[in-house]
Structure formats: structure tokens, C-alpha cells
Participant: 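First the structure, then my questions, so here it is.
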2 protein chains.
Amino acid sequence: MKIPSSYYISDYKLPLEEYFVFGLSVDCVVFGYHEGEIKVLLVQRDAEPFKGHWALIGDLVEPDQNLRDAANNVLEKLTGLKNIYMKQFFTFGSVDRHPVGRVVTVGYFSLVNSIDYHPIASSWAKSAEWFNINDLPELAFDHQNILSKGIETLKNEVRHKPTGFELLPSKFTLLELQQLYEALLGYKFDKSNFRKKILEMNILKPLNEVKEKVSHRPAKLFKFDEKRYRALEKEGFSFEL
Amino acid sequence: MKIPSSYYISDYKLPLEEYFVFGLSVDCVVFGYHEGEIKVLLVQRDAEPFKGHWALIGDLVEPDQNLRDAANNVLEKLTGLKNIYMKQFFTFGSVDRHPVGRVVTVGYFSLVNSIDYHPIASSWAKSAEWFNINDLPELAFDHQNILSKGIETLKNEVRHKPTGFELLPSKFTLLELQQLYEALLGYKFDKSNFRKKILEMNILKPLNEVKEKVSHRPAKLFKFDEKRYRALEKEGFSFEL
DNA sequence: ATACTTAAAGTAAAAAGTACTATAAGTAAA
DNA sequence: TTTACTTATAGTACTTTTTACTTTAAGTAT
């Protein structure tokens with residue numbers, strides 16, 4: 001790359017060209033929820049470095065590719081899913097975090113509402129699996145660190161934003177919602193009070209449907225009313241659980 | 001850079017070396033507080049591109065420098081300050097955000113407890129000034145965007161974490177604290193109730209000192225008790241205002 | 001018909017939040 | 001030295017929210 005001389009300013013130790021030597025990647029912490037457990041999607045690497053180790057899904061960013069596109073791409077390649085909730089949470093750039101060179105990685109977390117997706121094996125991944133976030137294998141690179149920060153961010157975010165709904169199917173019962181939050185936050189709610197609190201927020205749209213194929217009284221199904229939430233948020237409402 | 005052939009994996013469009021072409025920078029949103037107003041520190045550029053425009057303080061990261069070090073460096077060079085509260089909040093990487101090439105920038109926000117620091121002119125900055133966050137000039141690059149995100153992050157964070165204290169001198173009165181929060185959150189508190197609420201949290205250490213040189217009854221001074229806060233946080237306490 | 005499970009509504013007591021009042025402690029001006 | 005003025009600090013009555021618990025309803029399975 002040629003940089004116009006007018007752009008040169010005095011303080012740099014190196015010629016300006018030599019600052020354009022960073023590699024950039026994205027890594028996605030993909031969260032799922034199944035039967036009371038928060039899961040994360042990991043792949044087993046089939047390429048050096050760290051061949052055989054479990055890792056987050058991620059990839060180098062193309063020089064002409066935006067970060068979010070890169071992250072969406074990674075997820076779509078592995079799961080076939082588009083339009084998934086995805087949020088940048090932190091950037092990891094330790095000098096020695098990657099054995100090949102200076103690679104800075106931008107961490108995204110995404111939430112999928114079913115763990116039934118069939119992860120697709122790729123040239124660099126032997127297999128893909130969902131792991132309970134409390135029972136994780138050893139990870140490649142600094143992915144342990146990235147994953148921890150991702151989990152922390154998720155746990156923090158679900159308390160103040162209605163992000164958690166992304167982990168449930170679009171139609172859910174109040175008990176399912178409660179159990180999700182119990183898994184996320186690590187403590188129990190009183191059933192009656194949880195129901196009262198969440199309904200009074202007015203961000204759930206009751207459906208004229210009930211849960212099917214249960215051997216007891218079926219519960220009503222609800223949908224998260226995003227439009228309503230956005231409107232309430234503008235008036236100063238803030239989601240808290 | 002030479003990359004071992006064993007690291008090559010099939011999917012890449014380009015030779016692996018050609019992914020190491022990114023520039024990396026840090027930009028700091030430096031917040032200050034003075035007489036009821038939240039301020040941000042901007043510099044007027046004295047170098048291309050955007051010569052003459054106001055901008056956030058920031059710089060390219062050296063190839064062997066960690067992100068946080070780069071951010072601390074930038075701040076120290078301009079203000080002479082070390083050990084300032086600093087937090088990474090978002091990474092901006094649009095393909096076309098920088099006219100010279102692909103430069104990804106990591107945004108940090110920092111909070112300083114006085115705006116009396118004498119910003120130091122540097123080779124690329126004509127002057128430095130504190131601006132009220134509600135009355136900002138036009139900014140260089142995508143700094144408007146970075147700054148907005150920084151402000152949003154700050155306003156969000158101060159509601160759930162005791163971050164706000166970083167904007168006050170280490171000794172402060174309850175009224176000063178209240179006024180800071182009124183500026184941050186944009187609404188008024190009842191004096192008596194604010195005092196009661198914050199004191200009952202047990203995270204303020206009362207000092208045996210009072211505010212001096214005031215022409216009325218002087219208020220007691222307090223310190224934020226970080227140790228205590230950390231301990232309470234572990235027990236499940238969470239700061240909310 | 002009966003037992004069992006979960007849904008859903010209700011309720012009383014406790015806790016927290018709100019609006020407001022009263023008094024104390026200082027400075028400054030008369 | 002008195003008086004006016006400003007802000008600190010404590011207190012209080014009232015309202016709202018939260019919490020812990022009880023009751024009843026609605027379904028399935030035997």
C-alpha cells in the first residue's frame with residue numbers, strides 16, 4: 001500500500017505502511033438453550049494451529065468485508081442460519097494471542113432459539129457440538145478467555161434487556177420463560193410472582209393457543225412483543241428481572 | 001510475513017499473507033464532569049486527513065503493542081494522566097471508515113475526575129478542548145458515531161455499576177454525587193431520598209471532613225468504598241440508581 | 001370417578017419508594 | 001450580636017411494590 005506523504009505525521013516509529021500488518025478475525029460465542037441448560041456451540045479444529053482442540057467458531061475477516069458480515073458469515077456457514085441475534089461484545093488483541101502473527105479478534109455472541117440445527121462440518125472443523133456452559137472442554141487459542149467474557153456479557157445483558165427471549169422459540173409459556181431465566185441467572189423465582197411481574201411489563205402478547213401434547217393442564221402461549229417493548233423503552237421503561 | 005504451509009486451509013480466497021493488511025487504532029472518548037455538565041475531550045487535528053476538524057484522541061497501535069497499553073498511552077500523551085479508569089466499549093471496522101486504508105479502531109471510554117488537566121498539544125493536534133456532550137462540533141472520520149456509542153455506553157453503565165464515582169474527586173459530598181447523576185441520567189432526584197438510598201447501599205465511607213470554603217453549612221465528605229462494593233457484589237448486591 | 005399435575009388468580013404482610021416537613025449548622029450582611 | 005439566608009440532615013406519613021403463601025381451576029391418566 002502506498003500512503004500519501006501528506007498523511008505522514010512525525011510521531012510514528014515506523015513508516016506508516018508498516019502499521020498495516022494486523023490480521024483481523026471474528027469469533028462467535030453461539031448460545032443455545034435446551035431443557036434448563038445454557039449451551040454453547042464449539043467445533044473441533046481439523047487444522048493447525050491447535051488441531052484437535054475445541055474452539056469457538058470464527059474466521060479471518062476479508063480485507064473488504066465488514067465485521068458484522070464476517071460474523072454472520074461464520075455462523076451461516078456452520079449452522080445454515082441467517083438473521084440470528086448477534087451482538088459484538090469485546091475485542092481481544094493481545095500481542096501473543098495467535099501463534100501465526102498479530103491477529104486481533106472481535107468477539108460476537110449470538111443466541112439461537114433451538115439447538116436442533118445441524119452444524120455443518122467444514123474444511124477446518126472435524127465436528128461441532130453443544131456444550132453446557134458449566135462443563136466445557138479445554139479450548140484453543142485464548143478462546144477460554146473469549147468465552148468467559150461472552151458468558152459474563154450475556155448474564156449481564158439478560159438482566160436489563162429482553163435479550164433472553166431470543167433463546168426461546170417464538171411461542172413460549174410463562175413457565176418456560178421462568179425456567180430460562182432461572183438457568184441464566186442461577187436462582188429460582190416464585191412462580192406466581194414471576195408471572196405477575198413479567199405480565200405487568202406489558203411486553204408479552206398473549207396468543208389464543210395453548211401448549212400441546214402435555215399430560216396436564218396446558219399453559220397459554222405468549223409471544224415477545226418487540227414493537228411494544230421499543231415503544232415503552234422510549235417512554236423510559238426499562239426491563240429488569 | 002512467512003506463514004508455515006501447514007497453517008493453510010482450503011477456504012481462503014487469498015494467500016494467507018494477504019489477510020495481514022489491516023491497520024489498527026484506538027480512539028478514546030474521555031469524559032469529564034464540571035458544574036453539572038458532562039464533558040468530552042476533543043482535539044483539533046493538525047494533520048491530514050480531516051485537518052482542522054475536531055476528533056477524538058486516538059492513534060495507531062504499534063504492531064507489538066497491546067490494545068489497552070495503546071489506549072493508556074494516547075491518554076497519557078495528551079493529558080499527562082496515568083491510571084485512569086478506562087474501558088473498551090466497541091470496535092468500529094467499516095470497510096470505508098478511514099480514507100487511507102482498512103483501519104479498524106477499538107473504542108475506549110475513560111473517565112477523569114477533573115477537567116483541569118492541561119491537554120498537551122502534539123504534532124497532530126492543534127488544540128484540545130472540553131465540549132458539553134449536548135453541544136458538539138462536527139467530527140472527523142466516523143468519530144461522531146464512535147462518540148455517540150460511547151455516550152450511550154456510559155449512560156447505560158452508570159445505572160447499574162458504580163462507575164460514576166470516577167467522574168468525581170475522590171472526596172465528594174452527597175449533593176455533588178446527586179448532581180452528577182442528575183446530569184448523567186437526565187432527571188432530578190429528591191434530595192432526601194437520594195441520600196437515604198445511596199447511604200443504605202453501604203458503599204460510601206463517611207470521612208471526618210467537611211467541604212471547605214462554602215458560604216453556608218458545609219456538607220460532610222464521603223469516599224467510594226470500592227473494597228466494600230466488591231464484597232457486596234459477590235454476595236449478590238447490585239448497584240441501581 | 002378419582003388422583004395427580006400444572007395453570008392461574010388472590011391475599012396479607014413486609015419492604016421499599018415517594019413526597020413532604022422540621023430542624024440544625026453554617027456564612028454573610030445589617 | 002442579631003438576623004437573614006443557604007444548605008445539611010433527620011424524620012414521618014403515605015403509597016406502591018415485592019414477597020411468601022393459599023386457593024381454585026383446568027387439564028390428563030388410571
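To find a chain, count down the sequence lines: A is the first, B the second, and so on, and within it residues start at 1.
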Participant: Checking side-chain polar atoms at under 3.5 Å, does N193(A) have a donor or acceptor matched by the opposite partner on D190(A)?
Facilitator: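 Yes, side-chain donor-acceptor contact under 3.5 Å.
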
Participant: Round to the nearest Å and state the distance from L199(A) atom CG to dT17(D) atom P.
Facilitator: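 That distance rounds to 16 Å.
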
Participant: Send over the distance from M201(B) CE to dG17(C) C1', rounded to a whole Å.
Facilitator: 13 Å

Participant: If you assign each of H216(A) and P218(B) to its closest nucleotide in DNA chain C, which residue comes earlier from the 5' end?
Facilitator: H216(A)

Participant: Under 3.5 Å, which donor-acceptor pairs link side chains of residues 231-239 of chain B to any protein atom two or more places apart or in another chain?
Facilitator:
residue	atom	partner	partner atom	Å
E233(B)	OE2	Y229(B)	OH	3.4
S238(B)	OG	E240(B)	OE2	3.4

Participant: Which is it for F141(A) and F50(A) under the ring pair (Phe, Tyr, Trp, His ring centres under 6.0 Å) test, yes or no, and what are the steps along the way?
Facilitator: CA-CA 7 Å; F141(A) 305 100; F50(A) 290 101; 4.8 Å; yes

Participant: To the nearest angstrom, how far is E240(A) atom CD from dT18(D) atom P?
Facilitator: 11 Å

Participant: Go through residues 171-193 of chain B and report each residue with a non-hydrogen atom lying under 4.0 Å from DNA chain C, sorted by number.
Facilitator: D190(B), S192(B), N193(B)

Participant: Under a 3.5 Å limit for both distances, which nucleotide forms a Watson-Crick or G-U wobble pair with dA30(C), could you say?
Facilitator: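 Its partner is dT1(D) (Watson-Crick or G-U wobble, both distances under 3.5 Å).
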
Participant: Rounded to whole Å, please give me the gap between CG in L221(A) and C1' in dA7(C).
Facilitator: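 Taking CG of L221(A) and C1' of dA7(C), I get 13 Å after rounding.
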
Participant: Distance check needed: dA8(D) P versus L207(B) CG, whole Å only.
Facilitator: 16 Å

Participant: Separation of E200(B) atom CD from dA10(D) atom P, in whole Å?
Facilitator: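 Taking CD of E200(B) and P of dA10(D), I get 12 Å after rounding.
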
Participant: Tell whether K220(B) reaches the base of dT7(D) with its side chain through a donor-acceptor pair below 3.5 angstrom.
Facilitator: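 No such pair is found, so the answer is no.
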
Participant: Is there side-chain contact between V29(B) and T153(B), with at least one heavy-atom pair below 4.5 Å?
Facilitator: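 They are not in contact (no side-chain heavy atoms under 4.5 Å apart), so the answer is no.
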
Participant: Could you walk me through whether T105(B) and T91(B) pass the side-chain contact (heavy atoms from CB on, under 4.5 Å) check?
Facilitator: CA-CA 6 Å; T105(B) 196; T91(B) 295; over 6 Å; no

Participant: Rounding to an integer number of Å, can you tell me how far R195(A) CZ sits from dT11(C) P?
Facilitator: 17 Å

Participant: Could you give me the CA-CA distance, side-chain angles and deciding distance for R230(B) and E226(B), then say whether salt bridge (charged side-chain N to carboxylate O under 4.0 Å, His left out) is met?
Facilitator: CA-CA 6 Å; R230(B) 298 282 167 222; E226(B) 175 138 16; 2.8 Å; yes

Participant: Please report the distance, rounded to the nearest Å, between NZ in K196(B) and P in dA10(D).
Facilitator: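 So the NZ-P distance, K196(B) to dA10(D), works out to 11 Å.
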
Participant: Go through the steps to decide whether K220(A) and E209(A) satisfy the test salt bridge (charged side-chain N to carboxylate O under 4.0 Å, His left out), and finish with yes or no.
Facilitator: CA-CA 6 Å; K220(A) 275 184 199 147; E209(A) 299 175 61; over 6 Å; no

